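Below: one structure, written as structure tokens.
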Amino acid sequence: MSAIAAEARFAIALSNRLQEVPQDRTLALIARLDAEDDGFRDAAFARHGGVAARDRRDGLRLTLGNGATVHFRASGNAPELRVYVEAPTPEAAEALLAENLAFAAAETS
């Protein structure tokens, strides 16, 4: 089984949250990242090859040019901003999560 899993190259998924972020601030960040006419999103993710695709279900999921993903969403039951990432290695996933938690904290404070 481990050989099959290694061959499939499954992504490593991690998540965390920022507490005490009002939902209106989370939604404002998501709207800004989803805006068509703003270079904000492209600048924020340029070091990851930009944004290749967006999925607006349950927040905003961004597929980056390097194949990693970042998903921002408001908690349904608490004033929290949830951040989920997927990357090819544990180290890349940890770095991407830390980077985007810091980014989201700065943008929602």
Side-chain angles (χ1 to χ4, degrees):
M1 292 303 282
S2 61
I4 293 170
E7 195 173 299
R9 296 187 181 140
F10 294 117
I12 304 300
L14 296 176
S15 66
N16 206 331
R17 65 190 180 185
L18 296 174
Q19 295 177 311
E20 303 307 322
V21 178
Q23 191 170 30
D24 62 327
R25 288 189 186 171
T26 297
L27 297 177
L29 172 61
I30 289 170
R32 191 161 182 212
L33 286 169
D34 196 32
E36 294 292 339
D37 59 348
D38 190 339
F40 175 72
R41 177 185 60 246
D42 295 330
F45 297 100
R47 65 180 281 197
H48 299 286
V51 174
R54 291 176 287 168
D55 183 334
R56 295 174 183 93
R57 288 175 283 181
D58 193 26
L60 182 65
R61 179 184 166 106
L62 305 171
T63 301
L64 306 181
N66 65 5
T69 63
V70 180
H71 185 170
F72 298 98
R73 68 177 285 275
S75 171
N77 60 0
E80 297 176 344
L81 168 60
R82 310 245 175 164
V83 181
Y84 305 86
V85 300
E86 293 179 9
T89 67
E91 298 80 15
E94 288 171 12
L96 189 62
L97 181 60
E99 176 185 337
N100 282 283
L101 285 169
F103 167 74
E107 293 298 325
T108 58
S109 63

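Along the sequence shown, residues carry numbers from 1. Note that the coordinates shown come from a computational prediction; the quantities given were computed from them, not determined experimentally.
- Applying the salt bridge (charged side-chain N to carboxylate O under 4.0 Å, His left out) test to Arg57 and every residue at least two apart in sequence or in another chain returns Asp55.
- By the rule that hydrophobic residues join a cluster once side-chain heavy atoms approach within less than 4.5 Å of another member, Val21 and Leu33 end up as members of one cluster.
- The distance from the CG atom of Leu81 to the CD atom of Gln23 is 10.5 Å, given to the nearest 0.5 Å.
- Residue-environment remark: CZ (Arg47) stays at or below the threshold of 12 foreign heavy atoms within 6.0 Å.
- Residues Arg54 and Ala35 share a closest heavy-atom pair of NH1-O, 4.3 Å.
- Evaluation of the side-chain contact (heavy atoms from CB on, under 4.5 Å) rule for Ser109 yields no partner, not counting sequence neighbours.
- From Leu60, atom CG reaches atom CZ of Arg73 across 12.5 Å, with rounding to the nearest 0.5 Å.
- The nearest pair of heavy atoms linking Phe72 to Ile30 is O-CD1, 3.6 Å.
- Between the CG atom in Leu62 and the CG atom in Asp34 there is a gap of 8.0 Å [rounded to 0.5 Å].
- Heavy-atom minimum distance, Leu29 versus Phe103: CD1-CE2, 4.2 Å.
- For the atom pair CG of Leu64 and CD of Glu86, the computed distance is 11.0 Å after rounding to the nearest 0.5 Å.
- We find the CG-CD distance between Asn100 and Glu107 to be 11.0 Å, quoted to the nearest 0.5 Å.
- For the atom pair CG of Leu27 and CZ of Arg32, the computed distance is 15.0 Å after rounding to the nearest 0.5 Å.
- The minimum heavy-atom distance linking Leu96 with Thr69 is given by the pair CD2-O, 3.7 Å.
- At a threshold of 4.5 Å between side-chain heavy atoms, the hydrophobic network of Ile, Leu, Val, Met, Phe, Trp and Tyr places Val70 and Leu101 in one connected group.
- In this view, Glu80 and Arg17, Arg82 satisfy the salt bridge (charged side-chain N to carboxylate O under 4.0 Å, His left out) rule, not counting sequence neighbours.
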